[in-house]
Every structure is written in structure tokens, then in C-alpha cells.
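Worksheet for the structure shown next.
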Amino acid sequence: MTHPTPIRRDGHRPRLLDLFSCAGGAGTGFHRAGFAVTGVDIADRPNYPFAFHRADALEHLAALIASGDIEQYAAVHASPPCQAGCALTIGTNASRGWGRTHVQLIPELRALLDASGLPYVIEQPNGKAPVRADLRLCGEMFGLGVLRHRTFELGGWTVPQPPHPKHRGYVRGYRHGVYRDGPYVAAYGAGGGKATVPEMQAAMDITWTDVREELTEAIPPAYTRWIGTQFLTLERSAAA
């Protein structure tokens, strides 16, 4: 674990770099945990609720490391594009000849994160992305209206896996031509019983954007609030 520095003193929010930030689902969770968050995304994200840089995330990270400016941050979170390893891309889409080739950014990203010397988190959907499954989180752990299972690789620090409670039922919608009702909504795609924008906002506790694409890609803030709280608890223990 990295030793505390003046930027992590009591009374100051430690700074977190939020790479591939999209509209700020992950960033909002870390902010709620106690971080000052700065986002980076290659697309303009006017709904992002914190400080923001429009840039290629890998190039921005490399420049911060080269200049030494990375030292202003206490930790890094990264949610790189998941299409190269997500279950839908490598499963249904591939079997039917749909979609296109996607670039896998995680090996290059991990090398840069290791070079930064900072503790980090890499988030991906459950699938075959080349990340360690150090932590798996689910919406049911936080009483949310989505399941949205996510895998997290933790670099430079660890935290125990919390228990995964039994799901209370189905995700509402059609699957293989059969409609099922249930306590969770499908916060991806459109049609076939998928969630509406207001339903996604309510299910994930994301109210600052109503852009469907941003909502379908978002991490519920409850996930990263939990992760951020665990990290800061460890930091305070190390400083004591």
C-alpha cells in the first residue's frame, strides 16, 4: 500500500484520476466516498459532474507520468472500452457474425498504471477481458434495481470480496422469445422490455444524465463508493 503523503492529510480530499470516465458513474461513487475526482474521456462529456479533460486516456496518463504530475493523485480508476472482452461481443455477436473487431487496451493500460506507482482499479464487465477478478460486485449487494455484474482488478492494494447475495428474481424483459417479469431492469440496448431512461436513472441512482448511451455504459455509483470507502479506510489505518 502506498504511504500517505500531504495530499492525503485529514481535512483534504485525496485526488482520484478517473480514466475512460464516460458520464461519471464511477467518478460519482468515488466522490461520495471522499475523493476529489478528475475525469478523462476521448469524447466530450458535458454531463460529467466534476473536473474533466477531453483527451485520449492512455496518452493523458503517459503524459502525467512523464511530467511527474501524476504525483498529485492518490489513486487511479479506469473503465476502458469493454467490447473486446464482454460476454455479448464474444458470445452471441461473434456466433452470428455480428459486430466488428475491437481493440484490447488493457495490457497497455496496466503497464502505464504500474509505471505510475499509484494504487489503481480497472473495471470491466464479467466476460473474457484480461483482468484479474480481484473483486466482483453486483447491484443486489447494494439493493439496486439492476444486477450489472462487474469485475475489478486492484493494483497495489487489496480488499476482501464481500458476500454475493442471492438474486431476488429475473431481469425484466424478453430472453430467447420468452418474457419474464422481475425486480431488475435491463439497463442496456432498447426494445424487448429493456429499461426506459427514467427506469435506468432510478435503478442505478444516476440522475445527472439522461443520455441513453451514457446510462447503458455506466457503473452504478454505489460500486465505486464502496471501493473508495474501503481504500480510504486502509489509507487511514496505514497513517495511524
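What you are looking at is a predicted structure, and each value in this text was computed from that prediction instead of being measured. We use all heavy atoms of the structure for the numbers below, so side chains are in, but hydrogens, waters and symmetry mates are not.
- With hydrogens and angles ignored, the 3.5 Å screen pairs a side-chain donor or acceptor of W208 with a backbone N or O of A23.
- For the residue pair T207 / Q201, no side-chain donor-acceptor distance below 3.5 Å is found, with atom types taken as modelled.
- In the hydrophobic clustering of this structure, F142 groups with V121; members are Ile, Leu, Val, Met, Phe, Trp, Tyr whose side-chain heavy atoms approach within less than 4.5 Å, directly or through other members.
- In the model, R15 has a side-chain atom that pairs as donor or acceptor with a side-chain atom of T38 under 3.5 Å.
- A cation-pi arrangement, defined by a distance under 6.0 Å to the six-membered ring centre and an angle within 45 degrees of its axis, is absent between R13 and F35.
- The hydrophobic clustering, which links ILVMFWY residues whose side-chain heavy atoms are closer than 4.5 Å, places L147 and Y188 apart.
- Listed for the D69 side chain is no donor-acceptor partner under 3.5 Å among the backbone atoms of L64.
- The backbone N or O of C22 lies less than 3.5 Å from a partner atom in the side chain of D41, making a donor-acceptor pair.
- When each of Y120, F231, F30 is tested with H77 by the rule ring pair (Phe, Tyr, Trp, His ring centres under 6.0 Å), just one qualifies, namely F30.
- Without hydrogens or angle criteria, R168 side chain to P183 main chain gives no donor-acceptor distance under 3.5 Å.
- Checking side-chain atoms of S21 against main-chain N and O of G39 turns up no donor-acceptor pair under 3.5 Å.
- Outside the 6.0 Å centre-distance limit, the rings of Y184 and Y170 are not counted as a close aromatic pair.
- Taking the six-membered ring for Trp and thresholds of 30 and 60 degrees, Y48 and F50 have ring planes more than 60 degrees apart, a perpendicular arrangement.
- The environment of R150 atom CZ is dense: over 12 non-hydrogen atoms of other residues, nucleotides or ligands sit within 6.0 angstrom.
- Of the possible donor and acceptor atoms, none in the side chain of R32 sits under 3.5 Å from a partner among the backbone N and O of G27.
- With rounding to the nearest 0.5 angstrom, the CG atom of L17 is 9.0 Å from the OG atom of S116.
- Under the 3.5 Å distance criterion, the side-chain polar atoms of E59 are left unmatched by any main-chain donor or acceptor of D56.
- Under the 4.5 Å side-chain heavy-atom criterion for Ile, Leu, Val, Met, Phe, Trp and Tyr, I42 and V40 are members of distinct hydrophobic clusters.
- Within 6.0 Å of atom CZ in R175, 12 or fewer heavy atoms from other residues, nucleotides or ligands are found, so the atom counts as exposed in its surroundings.
- A single hydrophobic cluster is seen to contain both L113 and L118, as judged by linkage of ILVMFWY side chains at heavy-atom distances under 4.5 Å, directly or through other members.
- By the neighbour-count criterion of 12 heavy atoms within 6.0 Å, atom OH of Y179 is densely surrounded, having more than that number from other residues, nucleotides or ligands.
- Two residues are said to be in side-chain contact when any heavy atoms from C-beta on lie closer than 4.5 Å; T216 and M200 meet this criterion.
- Residue I65 is grouped with residue I106 when hydrophobic side chains (ILVMFWY) are merged at heavy-atom distances under 4.5 angstrom, including chains of intermediate members.
- Donor-acceptor pairing under 3.5 Å is lacking for the side chains of T151 and Q124.
- Side chain of Y223 to backbone of G139: a donor-acceptor contact under 3.5 angstrom is found.
- Judged by distance alone, with hydrogens and angles left aside, the side-chain atoms of R212 form no donor-acceptor pair with the main-chain N or O of T196 at under 3.5 Å.
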